[in-house]
Amino acid sequence: MGTDRAPRSIEALSVDECMALLDAESFGRIAYASGGTIEVLPVNGTFVEGAVVFRTDYGDRLDELARGLPAAYEIDDVDRDRGTGWSVVVHGRTEEVTAPEELQHLREVAFEPWVPGRLEHFVRLLPRRITGRRISEDR
């Protein structure tokens with residue numbers, strides 16, 4: 001890493017820009033409080049009808065996320081060589097999707113997770129705030 005990089009600037013992204021990036025990206029991280037610590041887990045997420053949706057298996061993680069925990073979902077893209085990139089963070093609360101008609105819809109529009117296993121439970125993050133920023137080279 002040298003000092004040959006072009007000057008860069010940082011800008012806040014609009015909610016519309018953030019939502020477009022959420023529509024286009026399917027890999028991120030979910031962060032939530034668990035047992036006195038913060039858990040950050042990679043997940044395949046999809047932005048469906050204004051909420052981030054991802055799949056998980058039955059167990060402790062599902063039990064925690066189904067309780068309406070405050071959580072955040074983050075996606076990003078970086079160019080390490082140029083020192084540029086963007087990130088979007090969705091802040092909200094989680095809930096398990098249990099209504100049969102919603103589950104059917106999610107099975108039709110959602111993705112297949114990268115993680116092997118059944119992952120039959122859908123969790124959504126209901127946004128309260130969506131923020132983003134971009135670091136770009138000055139022109």
Side-chain angles (χ1 to χ4, degrees):
M1 222 187 282
T3 57
D4 298 344
R5 287 187 177 156
R8 292 179 310 280
S9 58
I10 189 166
E11 67 177 307
L13 299 174
S14 71
V15 172
D16 286 342
E17 289 172 303
C18 291
M19 290 173 54
L21 291 167
L22 286 162
D23 272 338
E25 183 60 48
S26 65
F27 179 81
R29 291 151 211 83
I30 186 81
Y32 63 97
S34 173
T37 188
I38 302 296
E39 293 290 332
V40 180
L41 302 168
V43 295
N44 296 107
T46 190
F47 199 56
V48 179
E49 297 173 7
V52 176
V53 178
F54 59 95
R55 296 169 73 162
T56 189
D57 201 358
Y58 179 79
D60 293 341
R61 186 172 303 135
L62 174 64
D63 291 345
E64 290 178 320
L65 292 169
R67 288 186 301 189
L69 293 176
Y73 176 75
E74 187 267 348
I75 60 171
D76 58 43
D77 186 48
V78 297
D79 183 329
R80 293 182 195 280
D81 293 333
R82 293 172 50 194
T84 60
W86 56 264
S87 68
V88 171
V89 180
V90 178
H91 307 264
R93 290 202 170 270
T94 58
E95 69 178 17
E96 182 179 8
V97 179
T98 57
E101 62 279 356
E102 288 183 90
L103 289 169
Q104 181 60 37
H105 175 66
L106 290 175
R107 286 185 188 102
E108 291 169 2
V109 300
F111 51 89
E112 284 299 315
W114 294 356
V115 175
R118 295 179 56 143
L119 305 179
E120 293 181 6
H121 298 273
F122 287 85
V123 173
R124 71 176 145 220
L125 177 64
L126 299 168
R128 290 196 174 166
R129 183 169 51 115
I130 300 175
T131 60
R133 59 190 202 161
R134 176 179 288 121
I135 299 173
S136 54
E137 290 178 336
D138 291 341
R139 303 252 177 216

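All values reported here derive from a predicted model rather than from experimental measurement.
- Residues meeting the side chain to side chain donor-acceptor pair (under 3.5 Å) test with T131, sequence neighbours left out: none.
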Given L21 and D77, is the side-chain contact (heavy atoms from CB on, under 4.5 Å) satisfied, shown in steps?
CA-CA 10 Å; L21 291 167; D77 186 48; over 6 Å; no

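- Partners of R128 under the side-chain contact (heavy atoms from CB on, under 4.5 Å) rule, at least two apart in sequence or in another chain, are R93.
- With sequence neighbours left out, E17 forms a side chain to side chain donor-acceptor pair (under 3.5 Å) with S14.
- Residues satisfying the side chain to side chain donor-acceptor pair (under 3.5 Å) test with E74, not counting sequence neighbours, are R29.
- The side chain to side chain donor-acceptor pair (under 3.5 Å) test applied to D81 returns no partner, not counting sequence neighbours.
- Cluster partners of L126: none. The rule joins Ile, Leu, Val, Met, Phe, Trp and Tyr whenever side-chain heavy atoms lie under 4.5 Å apart, and it links nothing here.
- In this structure, E25 has no salt bridge (charged side-chain N to carboxylate O under 4.0 Å, His left out) partners at least two apart in sequence or on a different chain.
- Every side-chain contact (heavy atoms from CB on, under 4.5 Å) that A99 has, sequence neighbours left out, goes to E101, E102.
- W86 CH2 to D76 CG: the interatomic distance, rounded to the nearest 0.5 Å, is 6.5 Å.
- Through side-chain heavy atoms spaced under 4.5 Å, either directly or across other Ile, Leu, Val, Met, Phe, Trp or Tyr residues, I135 is tied to I10.
- With R124 as reference, E95 is the one residue of E96, E95, E49 to meet the side chain to side chain donor-acceptor pair (under 3.5 Å) rule.
- Here I75 contributes atom CD1 and F47 contributes atom CZ; the two are 9.0 Å apart, rounded to the nearest 0.5 Å.
- Between the CZ atom of R134 and the SG atom of C18 there is a distance of 9.0 Å, given to the nearest 0.5 Å.
- The NE2 atom of H121 sits 9.5 Å away from atom CG of L103, with the distance rounded to the nearest 0.5 Å.
- Between L22 and V88, the closest side-chain pair of non-hydrogen atoms falls below 4.5 Å.
- For the atom pair OG (S9) and CG (D138), the distance works out to 4.0 Å, reported to the nearest 0.5 Å.
- No path of Ile, Leu, Val, Met, Phe, Trp and Tyr side chains, each step under 4.5 Å between heavy atoms, connects V89 with V53, placing them in separate hydrophobic clusters.
- Residues passing the side-chain contact (heavy atoms from CB on, under 4.5 Å) test with T84 are R8, D79, R82, E137, sequence neighbours excluded.
- Closest approach of A51 and P127 over heavy atoms only: CA-CD, 4.0 Å.
- Under a hydrophobic-cluster definition in which Ile, Leu, Val, Met, Phe, Trp and Tyr are linked whenever side-chain heavy atoms come within less than 4.5 Å, directly or via other members, V15 and Y73 are assigned to the same cluster.
- Remark: A71 pairs with I30, Y32, T94, L125 by the side-chain contact (heavy atoms from CB on, under 4.5 Å) rule, at least two apart or across chains.
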